[in-house]
Every structure is written in C-alpha cells, then in structure tokens.
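Atoms within a ligand are numbered from 1 in the order they appear, just like the ligands themselves.
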Amino acid sequence: SSPKESLQGQDLAVQALRGSVSQEEAKHLGPFFQQVKSEACSEEEEWESGGCNEGVLLNENLKPVNYEYKEGHEYTVCSHIQNGAFGEVYCVKDNSTGFQCAAKRIPLDRFRSEEVSSWSALNSSRIVQLYGAVREDAFVTLFMELKKGGSLAQLIRESGRLPQDRALFYHEQVLEALEHLHSRRVLHRDVKADNVLLSQDGEKAFLCDFGHSEKLGLNGKSQVPPTGAGLQGTETHMAPEVVLGEGCSSQADVWSSCCMMLHMLNGCHPWTRYYTHPLCLKIANEPPPIKEIPATCNPCTADVIKMGLEKDPIKRALAAELRLKVKEALKQVGGLRSPLKGTYQEPA
Ligand SMILES: CN1C=C[C@@](O)(C#Cc2ccnc(-n3nc(C(N)=O)c4cc(F)ccc43)c2)C1=O
C-alpha cells in the first residue's frame, strides 16, 4: 500500500480504538495520542463531565475491565514516588492481577504525543519499559516498569557526590542509551540525573522521560521550532546551540550527559557555583565549564568531559565515540569498585 493508504489504514485502526482502553501493540500508541491531542481542544466539556477514558495497554498484567482502566476502579495508587515540573509519579497496583508498576500522570494540555511515539521507536534494555498510556478525563497516565533503585539524582543527593568510578559507570550506560536513541533519530532533550533510574542494586541504569523528546528529520536536524515554549530541557544542562536557538541535533544530548557527569562528580549542577540565573547567556558566551572538572580526576576522565563539552556541536564527540572513551577511563581507574552507598562526600 502507498504511504497515504497506510496512513489512512492507521487512522482507521486508531478510530476503532478510540473511546475505550484495550490491550494493543505499541505501534498504535503514537498515532492514538496524536489524535487525542489534536481533538482535545474541541472536547473541553466532555472532560469536565468525567466522561473520557481511552488508551492502549501493552502489558498483559494491566487488565482493562469492560474497556475501562481508571484510578480507584481497575487500578489503585499505592504511594507517591515523586513530583516534578512534568507531573507526578506514583506506584500503582492493578486490582485484578496485583501487578505493581510506576505511573506518571500529566495534564493532557501539557502532554506531548512524542512522549509515547518516541519511546515506541526504541527497543533497548537501557530504556525504561513503557506498559501503556491511558487518558482519564483531563489527564494522561503513562504506566512503566517500577525501578526500585530510584533516580540517579536521588543517589547523588544521598551521597553528596559520587566517586569517579561510579560516575563513569553510569555515564557509560547513559551513553549506550543515547547511542540507541540517536541511531533511531530520536533526541531526548532533557538528559540529567533525574531522568536516569537505577536497579535496586545500583548495577543498572535506565534512561527515562521522553516528555521533551523529538524525532529528528532525515537530515538529522530538529524539526521543532527551537523556541517552543515548555519544550526547554533543564537550563544548567543545555548545550550552547540550544540556548542560542540554533535548533539542536543529537549532539545536544551528549553535552547534557557531560553536564550530568559534572553533577555526579561535584554533587551540584554545572555553572551554578559561578553564575546566577538566567544561565543561557553565560552558556552561550563563556568557555565550557571544564574548570569544574575535579583536579583529582584521572586525565582520561577529564578528556571525556572535554570531548563532550565542545561548544561546536560538529567538533563534539558522538555518543558512540564518547562511550568508548568512558570505557577506557573506567578501565584506567580500575573499574567499578566503590560501594553503591559509601560515606557521604560533601558537594564541591
Ligand atoms: C517509559 N516512560 C513513560 C513515561 C516516561 O516518559 C517517563 C518518565 C519519568 C519521569 C520522571 N520520573 C520517573 N520515574 N519513574 C520511576 C520508576 N519508573 O520507578 C521513578 C522512580 C523514582 F524514584 C523517581 C522518578 C521516577 C519517570 C518514560 O520514560
């Protein structure tokens, strides 16, 4: 079938799913919520009447009943995990299977269908598994696997700062996730420790939160207007080309991953010890924050951060190249040897 016919077929498949919650394949998620978003503004009154519950579940342990999946009916909130600029994250339990997972709840007017369509384009063990997406009136709830180790940001807060070997260990896994994203022309656009989750034993790291993500064009360039409100990531981790509104490529994620590296090593975000907000002008005009690399770092670790904090995105290392350099640095420091929760180290 021609691309137009397959799009029409896709639209018909989505139309058949609308208005109910069913267990389907991941490929329907993106088109489903693109339609939900495009129609949302015209159905204001319906949400208020509490009349809308529709979506797609991907995991057979999340069971809709009579094509419905609603909080307090088919599933129950067990505890609140975290709130953030994006929305709230809860631990929830399916009432018929008892299965526990995490759920992120976002107001529909702040939800971007890219959050599910970007994820659907991926297939990596370094990325948090999505279990489904359901609209309940004016909210979208995204179900995903529960990561009992919490976020890397929480670990840094509890530790003060991370030892060099552990920082390199997590940086390598995040770069592996970015390598996968970029090979599928997906840009994360908000790489930071808050969006890296850990297994209970701290041995595995997983990238999450595709709420700012976007699918790059065939030319590898961003198709979203750079100044889109609310599309901004985290200012301290923004690459120079992003703050300059020059549109961004996958290289913006590499820059952010090295800002995250400085956050792990120093226990504080880059720029914040030397500059006040707004930081965007400093990021654009000042040299990269390589003076924040701890003097105690192995020279190979320092090289990693310098290669990832090149101001010119063309000169900046690719995720794949930087991952090899991180692997070498980790070897130079003797591999991962520090405990997950060692003695508290005062932030820099
Ligand atoms: C697959 N998928 C679906 C939605 C998604 O875009 C997200 C997210 C997100 C944002 C912030 N925080 C968490 N977050 N999740 C967990 C968890 N799953 O256990 C979690 C646990 C914490 F301790 C703190 C924050 C947490 C998850 C995404 O990627």
Side-chain angles (χ1 to χ4, degrees), residues 26 29-30 32-33 36-37 55-59 61-62 69 75 77-94 99-108 110-136 139-159 170 173-174 177-178 180-181 184 186-202 204-215 230-231 233-234 237 253 256 260 263 340-341:
L29 267 170
F32 186 99
F33 280 93
V36 168
K37 278 293 286 181
V56 174
L57 293 174
L58 309 173
N59 184 304
N61 295 305
L62 300 183
Y69 203 69
Y75 73 93
V77 169
C78 310
S79 61
H80 179 262
I81 293 179
Q82 166 164 300
N83 51 24
F86 52 84
E88 312 268 328
V89 181
Y90 303 93
C91 176
V92 301
K93 187 170 76 172
D94 182 286
F99 181 73
Q100 276 203 344
C101 67
K104 174 185 169 187
R105 176 159 295 171
I106 314 132
L108 183 56
R110 301 194 43 209
F111 170 73
R112 294 176 66 241
S113 60
E114 289 83 354
E115 184 154 10
V116 291
S117 55
S118 294
W119 182 91
S120 307
L122 308 171
N123 178 20
S124 160
S125 58
R126 287 273 166 262
I127 288 157
V128 174
Q129 204 58 28
L130 178 70
Y131 289 159
V134 173
R135 173 188 170 186
E136 292 178 63
F139 286 89
V140 174
T141 304
L142 300 175
F143 300 91
M144 71 194 100
E145 62 182 317
L146 187 62
K147 291 298 178 188
K148 294 198 190 283
S151 74
L152 180 57
Q154 286 165 341
L155 179 66
I156 297 168
R157 271 193 296 277
E158 287 156 17
S159 314
Y170 292 136
Q173 295 189 46
V174 168
L178 291 181
H180 179 81
L181 260 74
R184 301 198 176 195
V186 171
L187 197 48
H188 185 279
R189 293 165 51 111
D190 198 16
V191 175
K192 58 179 177 178
D194 303 78
N195 293 334
V196 176
L197 305 181
L198 301 175
S199 54
Q200 184 121 38
D201 62 4
K204 289 192 175 61
F206 306 86
L207 188 59
C208 77
D209 200 349
F210 295 87
H212 290 82
S213 68
E214 65 168 289
K215 190 95 161 110
L231 284 178
T234 303
H237 287 44
D253 285 342
S256 302
M260 186 185 78
H263 179 199
L340 174 60
K341 305 218 170 149

Return the residue, atom name and 0.1 Å-rounded distance of the protein heavy atom closest to [atom].
atom	result
atom 9 (C) of ligand 1	Cys208 SG, 3.8 Å
atom 11 (C) of ligand 1	Phe86 CZ, 3.6 Å
atom 19 (O) of ligand 1	Lys147 N, 2.8 Å
atom 3 (C) of ligand 1	Leu130 CD1, 3.6 Å
atom 18 (N) of ligand 1	Glu145 O, 2.8 Å
atom 2 (N) of ligand 1	Met144 SD, 4.0 Å

> Where on Leu197 is there a heavy atom closer than 4.0 Å to ligand 1, on the side chain, on the backbone, on both, or on neither?
Replying inline: side chain
> At a non-hydrogen distance cut-off of under 4.0 Å, which region of Lys148 contacts ligand 1 (side chain, backbone, both, or neither)?
Replying inline: neither
State the atoms of ligand 1, each with its element, that fall below the 4.0 Å cut-off from a heavy-atom position in [X].
X	result
Gln154	23 (F)
Glu115	4 (C), 5 (C), 6 (O), 7 (C)
Leu146	19 (O)
Val128	1 (C)
Ser151	23 (F)
Ala102	17 (C), 18 (N), 19 (O)

Any side-chain to backbone donor/acceptor pair from [X] onto [Y]? Under 3.5 Å, distance only.
X	Y	value
Asp253	Leu178	no
Tyr131	Ala103	no
Gln129	Glu145	no
Trp119	Cys208	no

> Would you say Asn195 and ligand 1 have an N/O pair spaced under 3.5 Å apart?
Replying inline: no
> Based purely on interatomic distance, does Asp194 place a nitrogen or oxygen under 3.5 Å from a nitrogen or oxygen of ligand 1?
Replying inline: no
>> Heavy atom to atom 13 (C) of ligand 1, shortest distance: which of Asp209, Ile81, Val89 holds it?
In response: Val89
> Regarding Lys192 and Thr234, is there a side-chain donor-to-acceptor distance under 3.5 Å anywhere?
Replying inline: yes
>> Hydrogens and angles aside, do Ser213 and Arg189 bring a side-chain donor and acceptor to less than 3.5 Å of each other?
In response: no
> Glu88 pairs by side-chain hydrogen bond (donor to acceptor under 3.5 Å, both in side chains) with which of Gln82, Lys104, His80?
Replying inline: His80
> Going from CE on Met144 to CZ on Phe210, what distance comes out if it is rounded to the nearest 0.5 angstrom?
Replying inline: 10.5 Å
> Going from NE2 on His212 to CD on Glu115, what distance comes out if it is rounded to the nearest 0.5 angstrom?
Replying inline: 9.5 Å
>> Could you work out, with ring-ring contact (aromatic ring centres under 6.0 Å, His included) as the rule, every residue matching Tyr75, not counting sequence neighbours?
In response: Tyr69, Phe143
> Can a salt bridge be assigned to the pair Arg112 and Glu214 using a cut-off of 4.0 Å between side-chain N and carboxylate O?
Replying inline: no
